[in-house]
Amino acid sequence: MRQSQQLIGMPIISIMDGKEIGKVKSLLVNPESGKVEFLVIHNERWTLGVKVLPFRQVQGLGDYAVMTESESAVIDLSEDTLANELKTKGVSIIGNRVITAAGQFLGEVVEYYVNAESGKVEGCVVEKESNDQQVLNAEFIITMGKEILIVKKESVENLINKSEFDHMSVPQANQEEVDRVDKPLIFSKDTVNITGKRVTADVYDENGDVIVPEGEVVTEDIVERVKRIGRNKLVELTLKIAE
């Protein structure tokens, strides 16, 4: 999971082109599906229109960058009906008041969590009037409005500590996600030519364990080991190589 504000300003990188396309400017949330459907892109070179990256085109969402197959995945906001509708609705979640179906005020949303694979909103950080922050799992949300989140009345008893939510186990990948990881790796020539080069920062696995430490010289064995984890992790390793 990623907090929404961690995504803002994150570079979007094309795997096939080996270049930065732009940076994440904002997220477009679909209140019907409860998912982030598009990433709005900022690029100083683009002077006309608004560009977005459909979340389904995200190949990897790491702690450094958003990865997509190629720049062709980026589309004009005006060309997509759903993107236009979501931009008009302007459901940002952050800043929304949280009110139960019984009419009880719980606080205000100051942050929310996004599933890195699906874009699903997993939970909202609710700040109470006392400035205490707790997390409400998204399963308790009834309606995502432009200004208000309507939640189930039992939400009051189901708010949990933020630190506890941060350490919740990530659910096992479904078959679609497994299939995507197992697809043949496709990289540009520059991406795979990393053996003999030094790593500039630690590379972690999904459990938070270091798999390639900072300062390590990349060998063929390291490349093969990282490849087995998946395409996104190999791309992350490539981005942490000294020139």
query = How far does SG of C124 sit from CD of Q133, to the nearest 0.5 angstrom?
reply = 12.5 Å

key: Pairwise side-chain contact, V98 with N96, heavy-atom cut-off 4.5 Å (strictly under)   = no

message = Under a 3.5 Å distance rule, please check whether E127 uses its side chain to pair with a backbone N or O of G107 as donor and acceptor.
response = no

key: Closest contact, heavy atoms only, I8 versus S26   = CD1-CA, 3.8 Å

query = What heavy-atom pair brings F165 and E122 nearest, and what distance separates the two atoms?
reply = CZ-O, 3.9 Å

query = Checking side-chain contact (heavy atoms from CB on, under 4.5 Å) against Q134, which of I160, N161, V126, L106 comes through?
reply = N161

inquiry  = With a 6.0 Å cut-off (strictly less than), is the heavy-atom count around NZ of K25, excluding the residue itself, greater than 12?
reply    = no

inquiry  = Please check: side-chain N/O of T68 versus main-chain N/O of Q57, any donor-acceptor pairing under 3.5 Å?
reply    = yes

request  = Check whether any side-chain heavy atom of L61 sits under 4.5 Å from a side-chain heavy atom of L7, and report yes or no.
outcome  = yes

query = Can you name the nearest heavy-atom pair linking L28 to A83, along with the distance?
reply = CD1-O, 3.9 Å

query = Any donor and acceptor pair, going by atom type alone, linking the side chain of T200 with main-chain N or O of K240 inside 3.5 Å?
reply = yes

query = Under a 4.5 Å side-chain heavy-atom rule over Ile, Leu, Val, Met, Phe, Trp and Tyr, are I12 and V58 clustered together?
reply = yes

Non-hydrogen side-chain atoms of V203 and E216 separated by less than 4.5 Å = no

request  = Using a 4.5 Å cut-off on heavy atoms from C-beta on, say whether the side chain of L159 contacts that of K128.
outcome  = yes

request  = Flag yes if M144 and V114 sit in one hydrophobic cluster, no otherwise; membership is Ile, Leu, Val, Met, Phe, Trp, Tyr, and two members link when side-chain heavy atoms are under 4.5 Å apart.
outcome  = yes

remark   = Rounding to 0.5 Å, atoms CD (E111) and CD1 (I94) come to a distance of 4.5 Å

query = Among I41, L53, I21, I13, which residue meets the side-chain contact (heavy atoms from CB on, under 4.5 Å) test with V66?
reply = L53

Hydrophobic cluster membership, I15 vs I75, 4.5 Å side-chain cutoff = no

remark   = Shortest non-hydrogen pair, G215 vs R198, comes out as O-NH1, 2.6 Å

Identify all side-chain donor-acceptor contacts of residues 31-38 below 3.5 Å with residues at least two apart in sequence or on another chain.
| residue | atom | partner | partner atom | Å |
| --- | --- | --- | --- | --- |
| S33 | OG | K35 | N | 3.4 |
| S33 | OG | E37 | OE2 | 2.9 |
| E37 | OE2 | N30 | ND2 | 3.3 |

Rounded distance [0.5 Å steps], NZ in K227 versus CD1 in I222 = 13.5 Å

request  = Provide the closest heavy-atom pair for P54 versus A73 in the form atom of the first, atom of the second, distance.
outcome  = CD-O, 3.4 Å

ask   = Is the closest side-chain heavy-atom distance between K89 and K146 below 4.5 Å?
value = no

query = With the 4.5 Å side-chain cut-off for hydrophobic clustering, are L136 and F105 part of the same group?
reply = no

task = Determine, step by step, whether F140 and T100 satisfy the side chain to side chain contact (heavy atoms under 4.5 Å, CB included) criterion, reporting the C-alpha distance in whole Å, the side-chain angles of both residues, the deciding distance to 0.1 Å, and the verdict.
result = CA-CA 9 Å; F140 292 98; T100 71; over 6 Å; no

Which atom of M16 lies closest to which atom of S70, heavy atoms considered = CB-CB, 4.2 Å

request  = Report, as yes or no, whether the 6.0 Å neighbourhood of atom CZ on R225 holds more than 12 heavy atoms from other residues, nucleotides or ligands.
outcome  = yes

ask   = Going by heavy atoms in the side chains, are V40 and V50 under 4.5 Å from each other?
value = yes

request  = Apply side-chain hydrogen bond (donor to acceptor under 3.5 Å, both in side chains) to D132 and S130, showing your working.
outcome  = CA-CA 5 Å; D132 290 336; S130 60; 3.2 Å; yes

message = Using modelled atom types and a 3.5 Å cut-off, is there a donor and acceptor pairing between side-chain atoms of N84 and backbone atoms of L77?
response = yes

query = What is the distance from atom CZ of F55 to atom NZ of K120, rounded to the nearest 0.5 Å?
reply = 12.5 Å

query = How long is the span from the CE atom in M67 to the CD atom in Q59, to the nearest 0.5 Å?
reply = 9.5 Å

request  = Output, in order, the C-alpha distance, side-chain angles, deciding distance and verdict of side chain to side chain contact (heavy atoms under 4.5 Å, CB included) for V199 and E214.
outcome  = CA-CA 5 Å; V199 180; E214 179 182 353; 5.5 Å; no

Any side-chain heavy-atom pair of V52 and L39 under 4.5 Å = no

query = Do the side chain of R97 and the main chain of I148 share a donor and acceptor less than 3.5 angstrom apart?
reply = no

query = Counting N and O atoms only, with roles assigned by atom type, does the side chain of N137 sit under 3.5 Å from a partner on the main chain of E139, one being a donor and the other an acceptor?
reply = yes

inquiry  = Using the side-chain contact (heavy atoms from CB on, under 4.5 Å) definition, which of the options V151, I93, I150 pairs with I141?
reply    = V151

ask   = With a 4.5 Å heavy-atom cut-off, do K51 and D76 have their side chains touching?
value = yes

query = Can any side-chain N or O of N43 pair as donor or acceptor with the backbone N or O of R45 at less than 3.5 Å?
reply = yes

message = Within this structure, what is the CZ-OH distance for the pair R2 and Y112, rounded to the nearest 0.5 Å?
response = 14.5 Å

